[in-house]
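Small disclaimer: the values here were computed from a predicted structure and weren't measured.
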There are 2 protein chains.
Amino acid sequence: MSKKPADPANGGAPTARQVPMRDFSRSLPMSLLRAREAVMRQFRPNLREHGLTEQQWRILRALASIEAAEVTELARTAFLLGPSLSRILRDLEARNLIERKTAKADQRRSMVSISKEGVKLMASVAPNSEAIYAEITRRFGARKLAELQEMLGELEQSLAELGAGEEASAEE
Amino acid sequence: MSKKPADPANGGAPTARQVPMRDFSRSLPMSLLRAREAVMRQFRPNLREHGLTEQQWRILRALASIEAAEVTELARTAFLLGPSLSRILRDLEARNLIERKTAKADQRRSMVSISKEGVKLMASVAPNSEAIYAEITRRFGARKLAELQEMLGELEQSLAELGAGEEASAEE
DNA sequence: CGCATTCACTTAACATGTTAAGTATCTCCG
DNA sequence: CGGAGATACTTAACATGTTAAGTGAATGCG
């Protein structure tokens with residue numbers, strides 16, 4: 001019952017375990033984070049060569065497929081929070097990659113659309129991006145990839161109903 | 001061949017598809033991002049109540065299980081980039097949650113370890129965190145969860161060999 | 001109509017992600 | 001021994017994540 005568990009008699013690899021928890025590296029959040037990083041690592045160089053970040057690219061892709069959208073809708077589609085989107089749209093507009101105009105019926109809303117320049121830029125990025133995606137699919141296997149996406153969707157569903165946390169305790 | 005594709009004769013639901021790409025919302029990066037967000041949404045409130053961010057919590061957990069580590073090793077374990085870790089360690093040290101001392105053999109390295117206060121804080125966060133994880137496991141299914149983690153690991157493996165991008169073009 | 005609410009964003013403030021530089025050490029070879 | 005190169009971090013700079021507050025415009029109701 002010594003107070004210093006760092007006793008060398010313990011062995012080579014030190015293992016403290018001062019608080020009981022499941023193995024850190026095998027937690028679901030970490031698995032998801034590492035997997036996503038492994039995937040994005042493949043795409044970032046290509047985007048970077050065209051002066052785009054991952055999020056900017058998400059916005060352009062979203063816009064290219066829906067023609068025009070309100071900011072809130074775009075946030076949902078590109079899976080970005082309002083404040084992030086607000087900043088990015090400001091920058092993309094300054095670079096003339098998107099266009100914005102307030103809706104006539106409701107002055108609060110603004111309709112965002114991709115510009116011709118934006119389309120041109122996308123066209124120069126998309127082929128390489130598609131090629132990378134194809135390579136990933138080839139390596140991992142198309143079948144398995146589909147299965148994985150299916151499971152990820154189910155996971156999302158399982159937790160969607162659980163709401164935004166709080167299970168029976170905190171009420172601020 | 002009109003120059004304005006926003007022709008109303010197009011129909012109600014606008015679908016531009018100005019650049020050919022696979023469906024945005026079904027891309028692997030998006031699936032992984034959404035799944036991870038769904039999971040983290042469950043944990044954040046609990047961490048927040050204790051004044052911890054997700055990354056700070058990762059560091060404490062990593063330290064609690066390995067007793068002491070160099071910064072680089074810790075970065076690998078907690079899956080954080082050096083600069084992020086550097087900042088966070090500075091803050092955690094100021095809050096007396098961790099301790100740091102330069103290694104005697106190599107002045108460049110510094111050994112980081114969790115403090116008693118850090119252990120105490122972890123002990124107050126861990127139970128709730130474990131309960132949330134258990135609930136997630138229950139909802140999604142322990143079997144499926146294991147399968148998912150297995151696939152995520154395989155995906156990571158598949159791409160690890162692919163290195164950090166570059167396939168036959170850019171060489172800066 | 002008048003005004004409290006709600007809505008759709010935008011700003012602000014702080015923390016991290018990401019890449020490039022900077023600093024102090026340490027290694028190693030000549 | 002001495003200086004070039006490698007190491008282990010740390011800083012810097014810019015972009016996004018995250019929560020809270022602010023702003024202007026619609027809505028609803030008495």
Side-chain angles (χ1 to χ4, degrees), chain A residues 29 33-34 36-49 51-59 69-76 78-95 97-98 100-112 164-165 172, chain B residues 29 33-34 36-49 51-59 69-76 78-95 97 100-112 164-165 170 172:
Chain A
L33 180 58
R34 281 203 297 248
R36 186 174 140 80
E37 178 52 30
V39 173
M40 285 314 302
R41 204 196 316 281
Q42 313 301 321
F43 290 102
R44 263 191 279 269
N46 180 37
L47 293 178
R48 193 169 166 62
E49 280 174 23
L52 287 175
T53 65
E54 178 193 335
Q55 292 81 356
Q56 293 168 345
W57 176 238
R58 287 220 298 273
I59 293 173
E70 303 171 13
V71 173
T72 300
E73 181 189 357
L74 186 55
R76 193 169 40 70
F79 208 68
L80 291 171
L81 292 179
S84 294
L85 182 54
S86 209
R87 278 177 305 213
I88 301 176
L89 288 180
R90 170 164 47 70
D91 299 344
L92 291 180
E93 187 173 25
R95 287 164 67 181
L97 295 176
I98 66 165
R100 193 155 28 166
K101 57 182 175 183
T102 54
K104 34 208 171 234
D106 189 337
Q107 298 293 82
R108 292 171 305 181
R109 300 162 196 274
S110 76
M111 302 303 290
V112 185
E172 183 62 12
Chain B
L33 181 57
R34 281 203 297 248
R36 186 176 140 80
E37 179 52 30
V39 173
M40 286 314 302
R41 204 195 317 280
Q42 313 299 322
F43 290 102
R44 263 191 280 270
N46 180 37
L47 293 178
R48 192 170 167 62
E49 281 175 24
L52 287 175
T53 66
E54 178 192 335
Q55 292 81 356
Q56 293 167 344
W57 177 239
R58 287 220 298 272
I59 292 173
E70 303 172 12
V71 173
T72 300
E73 180 190 358
L74 187 55
R76 191 168 40 71
F79 207 68
L80 292 170
L81 293 179
S84 294
L85 182 54
S86 209
R87 279 176 305 212
I88 301 175
L89 287 181
R90 171 163 47 71
D91 298 346
L92 291 180
E93 187 172 24
R95 289 165 65 181
L97 296 176
R100 194 156 27 167
K101 57 181 176 183
T102 54
K104 35 208 167 220
D106 189 337
Q107 299 292 83
R108 294 172 304 180
R109 301 164 195 273
S110 74
M111 303 303 289
V112 186
E172 182 62 9

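- The two residues R100(B) and S110(B) make their nearest non-hydrogen contact at CD-OG, 3.5 Å.
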Using a 4.0 Å heavy-atom cut-off to protein, can you give one letter per nucleotide of nucleotides 1-11 of chain C, 5' to 3': B if the base is in contact, S if only the sugar-phosphate is, - if neither?
------BSSSB
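- When each of dT18(C), dA26(D), dT16(D) is scored by its nearest atom to the side-chain atoms of E37(A), the top-ranked nucleotide is dT18(C).
- One atom, CZ of R76(B), and another, P of dC9(D), lie 12 Å apart when rounded to the nearest Å.
- Q55(B) has its side chain within reach of L80(B): a pair of non-hydrogen atoms, C-beta onward, lies under 4.5 Å apart.
- We find that CH2 of W57(B) is positioned 19 Å from C1' of dT16(C), with the value rounded to whole Å.
- We find that CE of M40(A) is positioned 12 Å from C1' of dG17(C), with the value rounded to whole Å.
- In terms of position on DNA chain C, the residue among Q56(B) and A105(B) whose nearest nucleotide sits closer to the 5' end is Q56(B).
- Paired with L52(A) under the rule side-chain contact (heavy atoms from CB on, under 4.5 Å), one option of R44(A), R95(A), R58(A) passes, and it is R95(A).
- Atom CZ in R95(A) sits about 9 Å away from atom P in dA15(D), given to the nearest Å.
- Look at CZ on R48(B): it is 11 Å from P on dA15(C), rounded to the nearest Å.
- Summarising the geometry, the separation between CZ on R44(B) and C1' on dT16(C) is reported as 12 Å, rounded to the nearest angstrom.
- If you take OG on S86(A) and CG on L81(A), they are separated by 11.5 Å, rounding to the nearest 0.5 Å.
- Contact record, M111(B) with A103(B): CG-CB, 4.3 Å, taken as the closest heavy-atom pair.
- One can place CG of L47(A) at 11 Å from P of dT19(C), the figure rounded to the nearest angstrom.
- With distances taken from any side-chain atom of S84(B) to the nucleotides dA20(C), dT16(D), dG17(C), the minimum falls on dG17(C).
- Contact check, Q55(A) against dG17(D): a side-chain N or O comes under 4.0 Å of OP1 or OP2.
- Atom-to-atom, CG of L81(B) to P of dA13(D) comes out at 19 Å; the value is rounded to the nearest Å.
- With values rounded to the nearest 0.5 angstrom, I98(A) atom CD1 is found 4.5 Å from L89(A) atom CG.
- To the nearest 0.5 Å, the span separating CG on L33(A) from CE on M40(B) amounts to 9.5 Å.
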